[in-house]
Amino acid sequence: MEKTIRKLSNGVEIPVVGFGTYKLQNENNEACNIIKEAINSGYRSIDTASFYNNEEGVGKGIRESNVSRDELFVTTKVWIDDDGYENTIKSFNKSLEKLGLDYIDLYLVHWPTENIKETWRAIEYLYKEKKVRSIGVCNCTVKQLEEIIGFSEINPMVNQVEMHPNRTEKELLKVCKRHNIVVQAWSPIMRGQLLSNSIIRNLAQKYNKSEAQIILRWHLQNNVIAIPKTSKPNRIKENIDIFDFEIEIQDMERIDSINTDERIKLQKYENLYKIV
Ligand SMILES: NC(=O)c1ccc[n+]([C@@H]2O[C@H](COP(=O)([O-])OP(=O)(O)OC[C@H]3O[C@@H](n4cnc5c(N)ncnc54)[C@H](OP(=O)(O)O)[C@@H]3O)[C@@H](O)[C@H]2O)c1
């Protein structure tokens, strides 16, 4: 049977597919109900962030689910406004309180800023204090990652980046592999923008799977952990139902050929791309 978990560099186990929560709201119990639905459908890894403003609802869903805490893998992140040593620790404590949990499985720096050294020192402190089981970064280029590895006492275990067939990041994948850093793909289906691509459509027909499943399976076979987000119960199930088929090597290459290095539009947060 195919593996549904893998190990980070410190031996901590992480599910090979996660559930994204960006845009889910605390209001009307939306985040809470969707998290419960996702857990019921088999997801064991949930990705949130202080920036998403939904840690209360996400935490409520986790606590109300019928799966025990130690079987779940919870990720949250420190936002750019809270960078630096003291602020990162404060932000972490706030996240923990909002989630209503007593530890986090993976704590990530949401975007590197010029204060990354101090932010990372706080992250290392939280790890040593056993408040978090694993630590990592998001949105780091090869250069930024190597800079962090240069000054860190404990290397990042994860780099969560925008990745999909339109942004395959082959060089970054190689560097992460070399440093034993697990790559997670955010916007793994490019927020739906790739579902009408003709290569993806043809493969969906060939394998009798949906377009989203083809892309998510491509991530899995690339050893990348996708964290798709959806608020629709049928799609929650669809996006994790990717373990009963295998994409042939030449079709993996066809998907790779879609790449143009194009990014999704971050709308008002466009300037994040220019932070460091
Ligand atoms: N670290 C970072 O900087 C960063 C940045 C962005 C995101 N993230 C994380 O990564 C997660 C995923 O990224 P994302 O939310 O940007 O994009 P995504 O998962 O690629 O796409 C989500 C969008 O696709 C739709 N969708 C989902 N499954 C579908 C399916 N099977 N068929 C058709 N449409 C489908 C969803 O609509 P419905 O909800 O209507 O189904 C939603 O609009 C986020 O939720 C967040 O947890 C991290």
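Order of listing sets the numbers, starting from 1, for every ligand and every atom in it. In this text, all values refer to a predicted model and were calculated from it rather than measured experimentally.
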### Task
Mind checking whether L108 contacts ligand 1 via backbone (N, CA, C, O), side chain (CB onward), both or neither, at a 4.0 Å heavy-atom cut-off?
neither
### Query
Can you tell me if D256 and W218 form a side-chain donor-acceptor pair at under 3.5 Å?
yes
### Query
With a cut-off of 4.0 Å, which atoms of ligand 1 are near a heavy atom of E238?
31 (N)
#### Entry: Option whose closest heavy atom lies nearest to atom 13 (O) of ligand 1, chosen from A185, P233, C138, S187
S187
### Query
Just heavy atoms, cut-off under 4.0 Å: does L195 contact ligand 1 by side chain, backbone, both, or neither?
side chain
### Task
Enumerate the atoms of ligand 1 whose separation from the nearest heavy atom of I227 is less than 4.0 angstrom.
9 (C), 10 (O), 11 (C), 12 (C)
### Task
Compare Y52, W111, F19 and give the one whose heavy atom is closest to atom 8 (N) of ligand 1.
Y52
### Task
May I ask you to establish whether R133 and F73 are in a cation-pi arrangement, using a distance under 6.0 Å from NZ or CZ to the six-membered ring centre and at most 45° from the ring axis?
no
### Task
Would you mind telling me if ligand 1 is within reach of the side chain of N239, the backbone, both or neither, using heavy atoms under 4.0 Å?
side chain
### Message
Just to verify, which of T75, I39, L72 counts as forming a side-chain contact (heavy atoms from CB on, under 4.5 Å) with I46?
### Response
I39
### Query
What is the ring orientation for F51 with W79, classed by angle as parallel under 30°, tilted 30 to 60°, or perpendicular over 60°?
parallel
### Message
Rounded at 0.5 Å granularity, tell me how far CG in L172 sits from CE in M163.
### Response
5.5 Å
## Note on the structure
For N139, the atoms of ligand 1 under 4.0 Å from one of its heavy atoms are 1 (N), 2 (C), 3 (O)
### Query
With a 4.0 Å heavy-atom cut-off (strictly under), which part of S231 contacts ligand 1: side chain, backbone, both or neither?
both
### Summary
atom 21 (O) of ligand 1: of Q160, H110, R191, K77, the nearest heavy atom sits on R191
### Task
Number the atoms of ligand 1 from 1 as they appear, then name those within less than 4.0 Å of a heavy atom of Y22, with their elements.
44 (C), 45 (O), 46 (C), 47 (O)
### Check ion pair R44-D105 (N to O, under 4.0 angstrom)
no
### Query
Can you find a pair of side-chain heavy atoms, one from E2 and one from L220, that are under 4.5 Å apart?
yes
### Query
Considering K229, K232, E211, K237, which one's heavy-atom position lies nearest to atom 22 (C) of ligand 1?
K229
### Per-atom contacts of ligand 1 with M190, taking only distances under 4.0 Å to non-hydrogen atoms
20 (O)
## Note on the structure
Near A212 (heavy-atom distance under 4.0 Å), the atoms of ligand 1 are 30 (C), 31 (N)
#### Entry: Subset of ligand 1 atoms that lie under 4.0 Å from at least one heavy atom of P228
19 (O)
